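Order of listing sets the numbers, starting from 1, for every ligand and every atom in it. Quick caveat, the model's predicted, so the values are computed rather than measured.
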Amino acid sequence: MSRCAACGKELESDEVAITRKLVNRGCDSFYCVSCLAARFSISEEDVRALIERFKAAGCSLFY
Ligand SMILES: [Zn+2]
């Protein structure tokens, strides 16, 4: 189980995938939705909406 590199929360697979999408496909540290939102100065709702958009687009990072 991966943990958020900022707060230590256990991560869902979607959170690992959206970190790859927003930060770097090859990154090895991952962030939870709230830490990603803080890092990119967007809301948690925006991060969740992006996850849904990438899933709907069939992005292979999401499963
Ligand atoms: Zn976090």
Side-chain angles (χ1 to χ4, degrees):
M1 176 65 75
S2 301
R3 288 184 178 271
C4 175
C7 73
K9 182 181 106 56
E10 285 191 4
L11 297 175
E12 298 163 15
S13 62
D14 283 352
E15 292 175 315
V16 172
I18 196 67
T19 301
R20 285 194 197 280
K21 205 71 184 172
L22 293 178
V23 180
N24 177 345
R25 198 173 251 268
C27 63
D28 55 8
S29 48
F30 303 102
Y31 300 93
C32 68
V33 165
S34 52
C35 293
L36 281 171
R39 180 168 173 155
F40 289 94
S41 299
I42 58 177
S43 69
E44 292 186 29
E45 289 70 28
D46 288 338
V47 177
R48 300 240 175 243
L50 283 169
I51 290 171
E52 293 310 313
R53 189 181 312 168
F54 287 128
K55 277 185 172 176
C59 177
S60 61
L61 290 174
F62 295 86
Y63 51 89

inquiry  = Ignoring hydrogens, what is the shortest heavy-atom contact between Cys4 and Tyr31? Give both atom names and the distance.
reply    = SG-CA, 3.7 Å
key: Phe40 side chain reached by Leu22 side chain, heavy atoms, under 4.5 Å   = yes
task = Decide whether Val16 and Phe62 are clustered together by the hydrophobic rule: side chain heavy atoms of Ile, Leu, Val, Met, Phe, Trp, Tyr closer than 4.5 Å, transitively.
result = no
ask   = Quick one: how many protein N/O/S atoms are under 2.8 Å away from the Zn ion (ligand 1)?
value = 4
ask   = Same cluster for Phe54 and Phe30 if Ile/Leu/Val/Met/Phe/Trp/Tyr side chains link at under 4.5 Å?
value = no
inquiry  = Once rounded to the nearest 0.5 Å, what's the spacing between atom NZ of Lys21 and atom CG of Leu50?
reply    = 10.5 Å
remark   = From the list Lys9, Arg3, Arg20, salt bridge (charged side-chain N to carboxylate O under 4.0 Å, His left out) partner of Glu15 resolves to Lys9
